[in-house]
Structures are given as C-alpha cells and as structure tokens.
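Chain naming here is simple, since letters A, B, ... match the order of the sequence lines and numbering starts at 1 in each. No hydrogens, no waters, no symmetry mates; every other heavy atom, side chains included, goes into these values. This is a predicted model, so every value here is computed, not measured.
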Amino acid sequence: MIDRYNPAEIEARWQRQWEEDGLYRALIDPVRPKFYFLTMLPYPSGELHIGHWYAMTPSDAKARYMRMRGYNVLFPMGFDAFGLPAENAAIQRGVHPHEWTMSNIEKMRRQMRSMGAMFDWEREAVSCDPRYYRWTQWFFLKLYEMGLAYRKESAVDFCPRCNTTLAREQVWGEDHHCERCGTLVIKKNLTQWFFRITDYAEELLDFSQIEWPDRVVAMQTNWIGHRSEGADVTFHSDQGHPIEVFTTRPDTLWGATFMVLAPEHPLVEELSAPEYRPVMEAYRLQAARQSEIDRTAADREKTGVFIGSYAVNPVNGEHIPIWIADYVLMTYGSGAIMGVPSHDERDFAFALKFGLPIIPVILRDGAPAKSRVMAGSTDDGLAVELHGAGIPFQAVDGALYLTMTPVQADSFVHIARKYLRPGHWIEVVGARWLFIFADEDGVEIVPLDSTAAEKVIISHCHALTGGASDRRTAMELLWEVEFYRDVLYHSDYGEMIHSGLLSGTPGDRAKSDTITWLDERGIGKAAVNYRLHDWLISRQRYWGAPIPMIYCDRCGTVPVPHEELPVLLPEDVEFMPTGESPLKFHQGFLHTTCPRCGGPATRETDTMDTFMCSSWYHYAYLSPYWKAGQPITSQDTPVDPTELDYWAPVDQYTGGIEHATMHLIYTRFFTKAMRDMGLVDFDEPMTRLYNQGMVLGEDHEKMSKSRGNVISPDVLVKAFGADTVRVFLMFFARWDQGGPWDSQGIKGPSRFLDDVWSLILDPHSQSPAGKGGEAAVLRRKTHQVIRKVTEDLESFSFNTAIAAMMEFRNSLRDLKPALFGSPAWNEAVETLLLLLAPFAPHICEELWARLGKPYSIHRQSWPMWDPQLAAEEMMTLIVQVNGKVRDRLELPRDTSEEQAKSLALQSERVLRHLGGKEPQQVVYVPGRLINVVV
RNA sequence: GCCGAAGUGGCGGAACUGGCAGACGCGCACGACUCAAACUCGUGUGAGCUUAGCUCGUGUGGGUUCGAUUCCCACCUUCGGCACCA
C-alpha cells in the first residue's frame, strides 16, 4: 500500500510552488497568440460564496485549456470595492468602510487562492484604491470634455424616516418601503450628473461585432427600446414656464386639447394652483408608491388630476388645461406630453373619461363620413330627395343611417339643412366633422374644428335636449352612438385638417412638413427618443469615487484639473444618516478654491455610481494603478498603451445573467466613448460572452442566510479538497443552467479523483499481459476521450467532459490487469492527466510529477487525437421493424449496404416480427440502422 | 399582454444534423470484505404485464416522417426579461 490521496497536503504545496515560480504570470509575448479571458470581479462582501466558485472555477478550467492550446492567456482578478454595504457596516458597526472593505478583500484573496485558479495576482486591481479611482475620475473629466456629462434635476428614492436617499435595491416590496425601517419611500428631486449614453443608443443596438448569447442581445434590445422619431415642442404655461414635450406625431399638434405631466415632473410643484395642491399632493404620493412595480394590465383604467393651470398651444394659441397622470412616465421623453385625444389611444381614453374636448385634426384615408338622422327631426321628403341625389342610407325605426363618400357628405349637408326641423340637429362625422343646428331663426352649421367650436356645439346640444344632458363633450355624445364608433378615433397618418396654414398637407408629408414649420418658428425641433435614458451616476454617498467637479460663484461649474487628481476621499467623516453625502458636512473637503479664478468654491459632494468603476476594470488589469505616484495630464492614458494594444479587447467574458442590462450596457458605452477619445481602435469591450447559471440550495431555493441553505466552500475544501469541489461544480449541472446543490452527489467526483490516484499509483501485481486486442481497444478509447473532452471544453460543456473522463476511468479499471505498465497504458494515464489538469490542477500536477514527467503539467500542450485511432472498427447496426428496435448486428465497419440488409432480413427476431409478410421498404442509414417496413 | 428559455427514471443530468431514450454520477437493493459499521469491491436498478418475451414511456393533444426528446401546430406549467414609450 502506498500513500493515499491527501488533497490538503498536495494542494497547499503546489499552490505555494506555483506562486514561487510565477507559473501564471501573463506577460506580453509577441510569438504566441493572446487570449484575454475575463470573469466578472466580485464585490468584497466578506466571504467567498459557493457562487463565486461556480462562476470562477469553470472559467479557470477553460482558461487553463486555452493556455494548453498554445495561447498566451491573461486571467486576472480584482475587486469591485466601492459600494453600499461598506457604508452600512460603518453606520451599523462603526467600522470605517475602508477598513471593512480591505479586511474583506484580504480574507477573500486567501479564500480565492484555495481554488487553485490561474489568476495573475500581479495584475490585481481594487477599485477603491486612490490609484484606481484617480483614473475613474479622469474618465469623468474626459466624458465631461466631450460633452457627454451634464447636470440636471432628477428624482431619487428617499426615506423620510432615515432621512437618506436610497439605492434602487434598498427599496423593497410593492408598496415601496425602506429596507431598514419599513417607512414608505418618497421621491425627491436633486440636481445630479448624467452621462449621455443615449447618444450611443443606435450603436448599442448593433450587436454585429460580438458573439453574445441571444438572450443577452434580446434583453439589451428590449432595454434600449426602439428608435422613436419625432419632435421636441415647447409649450408655455400661462405664467410663462416653458414645458417641453416629446411627440412622434407633431402633425397632430393642432389637436392637443390638454397637457399631461408625469406626477414627479419638477414643474408640477410650481404649476399647481393653491386650491389644487391637496389633490395634487395626494395623487403624487399614490403614484410615487406604485410606480414601476406591478403596473399589471396595460389597459387599466386611466387616472389623473387637473392641477389648476393652463398652457398655451404654441401653434394655435389655445389655452389647454394641465393635468398630472401616471400614464406619463418621467423616465421617457421629457416627462410631459401634449394630449391629442383624437389620434392617440391613451389620450382618447383619458379625455373621454375626464370630459376633455376631442378635436379631430387628421383625416383617415378612405374613411367614410357617417350621419344618423333621428326619427322626427326632419320634414317629410328627405328620404326621397336623398334617394334622388344618389346618397345611400338605411332606415331603421324611422331613423336614417348614412355612410357616405366625402362628396356625398357635402351634398347631404346641403340637402339636410333644408329638411331639419327647428329644435333638432344632425351631425356628420368621419370624413367630415360638423353639426347642423336648426332653431326658429334658421339653420347654423358648426364645424368641430377647435375647442371654441366644441364648446358652442355642446352648449347647443344641451340647450336642445333641455339642459338635462350630462354629456360633457361632443365626442362623449357621439361615442354613445354605436354606428359612429369606428370613425371617431384613429391614429393613422392622413391629410391634416383644422390645422391652420398646414391644413391640407397630405399624410406622407404631414410629419416632416410640420417639423420644418415648427423649426422655422422656433417652437420645436426634430428629436429622437429611446426607452433607454441617460445614465444617472450621482450617488449621495461617501463610499465611492468623488465626482471631480467644483462649483464657483463666479465661474460656475469648473472641472478639477487633471493634474490635481485624485480628489481624495477624506477618511475622517461622520457616518450619520443625514440624507446627503457625508462629504457635504466635511468642511475640509467641501471648501476649496476655484481652479480658474482662485476664489472660494465648493466641491461636488456626490460620488460616482460603482458601475463606473466596473465599466473599465478590464482595462485597469492590463497595467494596474498605471502611473501611480506620478502626476497626470489630460493627454495621459489610463492604461499602458503597450499592454492595451496587446491584450485588448477581452476575448472571452463570463459572468451572471443579472448583469445583462446594466453593467454590460455601461461597459459597451464606455468602450465606444474611449474609441471616440482615441484610446482604443475597436468598438466592443468583450468579443464573446458566456453566462453561467446559479447554484441553488439543496431545497431548490436560492441560497440565503435566512433560509439556512448556504453552502460554504471553505468547509467543502477542508472535507474533500479543492480539486473535488471544482470537479463537482463542473459536473453536477450544465454550467449555463446551474441547479440545486447535492451534498451526496459530491461523492461521485471524490471517488473519481481517488480512483485516478490509485489507478496510476497502485502497482498491479500481474505483469502486463499486453494482448494486442486490448491495447488497441485502450488506444481507441484514449483517442476518443481526447476528442470528446476537447469538443466539450470548446462549448463550455464541462459536465459531459467530466462524464467522459469518468467513463474512461471505468475502462481503465477494467483494462488495468491486462495492460498496466504497457505503452498503451502509459499513453492512457498520461492523457487522462493532461485532460483532467484544467479541472483538477493540483492532483494532476502531483501525479504528473510522480510519473517523473517534467514540471509543470500546466505548461504541457493539450493532447491531440488521432482520428484513425479513435475510429471504431466495428459498428452496431440497429435493426428495426416498423420503427421498433428488434435486433442489433455487430458488423465490421466496411460491411456493404447489401450485406447488411441481407443479414438483417435473415435475423430470427426480424423474421418473427415480419410474421411472414414481405418487406415493402428497407431503410438503410449507413453505420446506424436498418428499418424494415411492412 | 409581449419577448425569450425550460419541462426526460427516486434525484442531478446525457442524447451529434430526425436514427438504440436514460450516458455519467447520486441514491437504492442484493452480495463480498468486516466481530460490526463506515470505506472499498461486485451485480442489479424507467414503468407495467400473462416476464425466453411483450406493451407503455421524454409536460398535454394533434401533425409531418419508414422512424420524433429532436421538426411543425395548438395548449398547460415553471422561470427570466419587458410592460401605458407619447
């Protein structure tokens, strides 16, 4: 008996050795092709989780495989070290965020080393290090110079009890309550910094240069939204506030009869008339709480309130009421719309519900005019004359229903006015819009072409129905007539009507002509919108990179000169939950001098979104803390150009799907902006992307401390060794799908590695019998397993690669007595070690050394299979009768179709199932099967 | 509501381009070793039946095909994304 497999001893020893030898140091090598393999960096939360192992160790295996394939592989690691939990720890436990973060990093580095991954630790980058965030700030200044950074007022979630702004993930539940105290969260407007990511929206929708999963492409496409072309038009309130709206239908501007602002629109406060404030505030509160989440039905009932002021429609001077309603989203367009109920479905529903006037301004191509003549409203003879004039109608219970061409409608009006009895009216809708009223003094024709005319019409109608009508608008009245409904509303393009000078403009020119017209008058201009909005990067927090901006009373907003970077985070701050960045109360930080005029000035006290740090970390790894200790200018580059030129872009990125729409869009934006800065000459940061799934708890639920189903990698490493944990994580599920943990299941990989150990080291008493046939079988299996594992690694199918190696282990076990020590045997075990090395690096290194092979196995070339050796000599032909398997034939590979068919038809089992019938057809699939059809 | 992914033994999961369903592993059963247990080794393991064999079986129902887990249509369930986009 020789010594048993002892992972604890082996793993520690080799990890030390590799580190001493710099085995995984990735340096520029012009001879070998480079391969930048990147896996998402962790947040230093304190403990390495099994999820980190699940993300990192298969990536490591693939990176190791690429290295054995001859690539110069860079596989770096770092920490995304700014962020909220550090600050919470400071508030709750009084630990400084820096101290908390750095001690977590220290611990996680140790834990990560136990994975035996090929990280090049000399390229580690930690985003909260001033040598790192100096460059994050540098990027901010660059984007500012390019006009891609700007400031505007925007809403944040705010907890009135904790008196603090909240990040999105701190707002819980459908009722939007604070994570810490449960108080209902409100929105608060603050002036904040944004990046113009929407300038790149069109380009971000182009995925032609990257091989990313369809799922991610779909999610990003969804997130960015389609291109909406239209115009920004400026309205003014009666008090003179400019209110900008975005519309895709500027040609319907003359039909705008009201205006709607998003409840959280910054102007709502000022525009609300005093007597409407209580209603406004109540509505705002309700809207703030339900926004975004659970807006279940798209066609749910419209809600909204009038806020007591009016705006002027710039094209026709009409005074239109201003409402707030939650169907207008602050996050799209300008957060305000013009309500054109005649040609927008939502506006139509809203106007109908709240009794707002609806004025048609676009004709629908080919739509008829309709009219209903009520029984008893006209003198006798109308029907006869209509008939004579060739105007079709249907009579139902004495009423006439007419569906006419526009020309017929014009004649109809002419005729009908003669027959209309005093005290009655007739309306014409669709291709024509008018009301004919008759009283003792005569007949009046009122076209429905403005809100003023609409008022006249509805008051006439009220008068004629005795004032008892509760219909508030003409359209409400018309909507009651089933016969009219299909012509009352439409959203098609068509000839403009009731639109002043632009009336008569045909549908195909309406939009562009209107935009030109608006532009000439300075009322509006062409604009494009996406669902994607500009990236808000301000955080009212301490633990982030300070935004390098200074506010001077004399010079305004002044960027910190590049030479003065970094703007350091002061260490001595109070972590009181005040609602604003603690930096605001740090006098030493806050007060500074203006770089331009030297006068007194204050610093921006917000810090940057941590997604900024992670948008360029893959470049930071190439030359961590570049130019540390040296002053920098705007001409400098944040990365060593030589390293950047050699390694970038990332060839393979791996990480969780949860970053599909945030990080992975931001980092694409960053790279495109860097390209426009002249820093890189490519468009996309990561050529290939692969998303791994998630390890669930044994109860099939997401792991969480509260559920008590968390699996600790440290405990597993102690019990089984890192190699076993690695192999199990790659074996138990498809990597892209993930699955539930199985504490029994890990025994399989554990036994597998035990077996590999003893297969190779336990001598077999028998001398190699070395029969030629068995050696050939083993060689065939050896080359087959090389092929299988290679193909599986190419496609990230770690689970089936390991299954293939286990199967190979089973063959080795069977063949050991016959072949131990023979050349075929030695080839087999050496191959097995090489194939297994990326998965279980320690045990393979150890066994490789014990076999007397040259150090290190991880520097060896990946084995190649010989297709001739891998080819089977025999084939198994499946014999079916009517598609059902009835027999199997073991035949030499070179058996001809005729021979195979005749052998099949002679088979006893086949004959029995044929039951004497003659085969009608014999299907032959070479090398696979014969199907006899009767 | 729209878009996307997935449904296979007791469990995790295999199955190339339409060709032996259940590889590999866990678990379980029986046997060997052991005073015993664990470990280890061997054998078996989709279900049913009238068990040399036959029938059924990949969410459900249809279709195409000599042949369907795989392709097509409809539906059910689960998960993910988006959801009044002016």
Return whichever of A:Asn222 or A:Asn529 has its heavy-atom-nearest nucleotide of RNA chain B closer to the 5' end.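 Checking each residue's closest nucleotide, the 5'-ward one belongs to A:Asn222.
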A:Ala733 or A:Ser334, whichever maps to the more 5' nucleotide of RNA chain B: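 In this pair, the answer is A:Ala733.
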Indicate whether any N or O donor in one side chain lies under 3.5 Å from an N or O acceptor in the other, for A:Tyr327 and A:Thr303.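 A:Tyr327 vs A:Thr303: no donor-acceptor pair found between side chains.
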Donor-acceptor pair between A:Thr800 and A:Asp792 side chains, under 3.5 angstrom: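 The answer is yes; a qualifying pair exists.
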Can you see if the side chain of [X] gets near the phosphate of [N] - specifically, an N or O under 4.0 Å from OP1 or OP2?
| X | N | result |
| --- | --- | --- |
| A:Arg751 | B:G27 | yes |
| A:Lys884 | B:C20 | no |
| A:Asn799 | B:A14 | yes |
| A:Arg809 | B:G25 | yes |

Could you state the atom-to-atom distance from [atom1] of [X] to [atom2] of [N] in whole Å?
| X | N | atom1 | atom2 | answer |
| --- | --- | --- | --- | --- |
| A:Asp344 | B:C85 | CG | P | 8 Å |
| A:Lys747 | B:C11 | NZ | C1' | 14 Å |
| A:Arg928 | B:C16 | CZ | P | 10 Å |
| A:Gln784 | B:C24 | CD | C1' | 16 Å |
| A:Phe731 | B:A23 | CZ | P | 11 Å |

Rounded C1' spacing from B:C56 to B:A6 in Å: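 My reading of the C1' atoms in B:C56 and B:A6 gives 25 Å.
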Starting at the 5' end of RNA chain B, what dot-bracket string do you get if Watson-Crick and G-U pairs under 3.5 Å are bracketed, crossing pairs use [ ], other-strand pairs use | and unpaired bases use dots? (((((((..(((......[....)))((((((.......))))))((((...))))..(((((..]....))))))))))))....
Sort me out a list of protein N/O and nucleotides 45-54 of chain B N/O pairs below 3.5 Å, or just none if empty.
unit_1	atom_1	unit_2	atom_2	d
B:C54	OP1	A:His913	NE2	2.6

What's the shortest heavy-atom distance between A:Arg668 and A:Ile210, and which atoms?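 Minimum heavy-atom contact is NE-CD1, 3.9 Å.
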For a quick test of reading the model, state the closest non-hydrogen atom pair linking A:Tyr924 to A:Leu877 and the distance between them.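 Smallest heavy-atom distance, with atoms named: CE1-CD1, 4.2 Å.
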Is the gap between the ring centers of A:Trp323 and A:Phe258 under 6.0 Å?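 Here the rings of A:Phe258 and A:Trp323 have centres that are no less than 6.0 Å from each other.
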Would you say the rings of A:Trp735 and A:Tyr690 are close, in the sense that their centroids are separated by under 6.0 Å?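 Yes - the distance between ring centres of A:Tyr690 and A:Trp735 falls below the 6.0 Å cut-off.
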Which nucleotide in the set B:C84, B:A83, B:G81 lies at the smallest distance from any side-chain heavy atom of A:Arg531?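 Taking heavy atoms from C-beta onward, the closest nucleotide is B:A83.
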